[in-house]
2 protein chains.
Amino acid sequence: MSTTARQRYAAMAEKLRKSGLKSTPQRLAIMRVLSESKRHPSADDIWRHLRRRFPGISQATVYRNIMLIKSLGEAYEIALAGAGCRYDGRKPYPHPHVVCLECGEIIDPELESLRDMTREITAASGFEIRTFRLDFFGRCPACRKKN
Amino acid sequence: MSTTARQRYAAMAEKLRKSGLKSTPQRLAIMRVLSESKRHPSADDIWRHLRRRFPGISQATVYRNIMLIKSLGEAYEIALAGAGCRYDGRKPYPHPHVVCLECGEIIDPELESLRDMTREITAASGFEIRTFRLDFFGRCPACRKKN
DNA sequence: CTAAGTGCAAATGATTTGCAGGTAT
DNA sequence: ATACCTGCAAATCATTTGCACTTAG
């Protein structure tokens with residue numbers, strides 16, 4: 001693993017400090033969850049998790065801070081169809097996902113062909129590509145064995 | 001153009017008839033809009049459009065019928081982040097989109113590299129890929145000229 | 001001190017559902 | 001005749017916002 005959770009958290013907290021905004025306990029705790037979670041948690045997941053330590057924390061605070069952290073460029077929003085959004089604080093930039101339709105597992109593949117595809121689109125459409133969303137859905141190796 | 005709006009509408013209406021469900025005027029009108037619109041309309045767009053001919057039509061009817069048409073395999077839901085869903089009745093199967101961040105235009109590119117990418121994912125992850133969502137966002141040629 | 005942040009509850013906006021009356025087959 | 005449908009309004013669900021009260025710097 002090239003970047004550790006600790007490093008991600010430090011980078012987030014540092015960016016926050018530099019921004020001049022306040023480092024509240026709730027805000028830092030949300031950053032910690034985002035930096036550590038490999039599960040692409042939803043706002044609700046984060047809220048539930050933090051209620052242990054901050055019994056009175058409100059969902060509004062979680063949403064507001066996720067929004068802030070996104071705007072600092074330190075979290076990436078994954079909008080999977082149907083359900084609400086999920087967030088990735090470990091790779092805070094657009095990247096492809098592969099989602100298992102049976103167990104819900106999400107993996108982040110490295111795709112050599114992504115560069116080619118972007119080029120192909122630019123050539124064919126004349127668009128200047130800024131970002132993307134690229135999700136594949138199927139059955140993971142474990143679920144393929146089960147059935 | 002390989003398939004005309006007329007052909008798409010006929011295919012939809014035919015599938016509906018075969019399903020044993022009723023061919024109500026509202027339902028057929030929604031199919032007509034979906035088969036003709038190149039704009040990937042939202043449920044609200046369709047509702048607004050149909051209010052001319054059906055002054056009392058409700059949004060619920062539009063939503064219920066879009067859901068039905070989707071389940072017949074005759075429309076494809078495009079879940080763009082932020083805004084609500086939009087629908088494609090002309091290509092009722094998964095396909096990539098390129099969306100202009102400024103004017104909202106959506107085009108459907110043909111991507112040679114999609115096959116390669118699917119292969120690459122299968123090889124790298126062991127997933128059996130069933131479907132995908134693939135959206136690129138940027139600025140269209142017209143908007144690039146403006147600024 | 002005081003701008004920024006928080007909790008709470010009410011507001012949103014897209015979509016859905018319950019129900020009573022209509023309509024296609 | 002009778003399922004299936006429709007319109008209406010109320011209900012969801014995730015997310016956002018207004019407001020009065022804290023708190024970090």
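In what follows, chains are A, B, ... by sequence order, proteins preceding strands, each numbered from 1. All values below were derived from every heavy atom in this structure, side-chain atoms included, with hydrogens, water molecules and symmetry-related copies excluded.
Remark: P of C:dG5 and CD1 of A:I57 are 14 Å apart, rounded to the nearest angstrom. Between the C1' atom of D:dG7 and the CG atom of B:N65 lies a distance of 13 Å, rounded to the nearest Å. Summarising the geometry, the separation between CG on A:D45 and P on D:dA14 is reported as 11 Å, rounded to the nearest angstrom. Counting to the nearest Å, the P atom of C:dT25 and the CZ atom of B:R17 are 10 Å from each other. If you take CD1 of A:I66 and P of C:dT6, they are 12 Å apart, rounded to a whole angstrom. Rounded to a whole Å, the CE atom of B:M31 is 11 Å from the P atom of D:dC5. To the nearest angstrom, P of C:dG13 lies 14 Å from CH2 of B:W47. In this structure, B:L50 atom CG and D:dC5 atom P are separated by 17 Å, rounded to whole Å.
Comparing C:dT16, C:dG7, D:dT17 by their closest approach to the side chain of B:M67 singles out C:dT16. When the nucleotides C:dA24, D:dA9, C:dT15 are ranked by their closest atom to the side chain of B:Q59, C:dT15 comes out on top. Comparing C:dA9, D:dG7, D:dC5 by their nearest atom to the side chain of B:L21 picks out D:dC5. Side-chain atoms of B:K22 lie closest to C:dT23 of the nucleotides C:dT23, C:dT17, C:dA3. Closest to the B:R64 side chain, of the nucleotides C:dA4, C:dG7, C:dG18, is C:dG18.
Under the 3.5 Å distance criterion, with hydrogens and angles disregarded, no donor-acceptor pair is assigned to the side chains of B:Q26 and B:T61.
Taking the centre of each ring, A:H97 and A:F137 stay at or above the 6.0 Å mark.
More than 12 heavy atoms of other residues, nucleotides or ligands lie within 6.0 Å of CZ in B:R51, so this atom counts as buried by the packing criterion.
For C:dT15, one of the phosphate oxygens OP1 or OP2 lies less than 4.0 angstrom from a side-chain nitrogen or oxygen of B:Y63. Here A:S58 does not reach the OP1 or OP2 of C:dT6: none of its side-chain N or O atoms lies under 4.0 Å away. For the OP1/OP2 pair of C:dT6 and a distance below 4.0 Å, the side-chain nitrogens and oxygens of A:T24 include at least one atom meeting the criterion. For the pair B:Q26 and C:dT23, the criterion of a side-chain N or O lying under 4.0 Å from OP1 or OP2 is not met. Under 4.0 angstrom from either OP1 or OP2 of D:dA24 there lies no side-chain N or O belonging to A:S23.
Classification of A:E74 and A:R8 as a salt-bridged pair holds, one side-chain N sitting under 4.0 Å from a carboxylate O.
Residue A:R27 is classed as a sugar-phosphate contact, given heavy-atom separations below 4.0 Å to backbone atoms only. The residue A:P55 sits apart from the nucleic acid: no heavy atom pair falls under 4.0 Å.
None of A:L134, A:T131, A:T122 except one satisfies the side chain to side chain contact (heavy atoms under 4.5 Å, CB included) rule with B:F136; the exception is A:L134. Partner A:H40 forms a side chain to side chain contact (heavy atoms under 4.5 Å, CB included) with one of A:L34, A:D45, A:V99, A:D108 and no other, that one being A:D108.
Of the two residues near DNA chain C, A:V62 and B:Y87, the one whose nearest nucleotide lies more 5' is A:V62.
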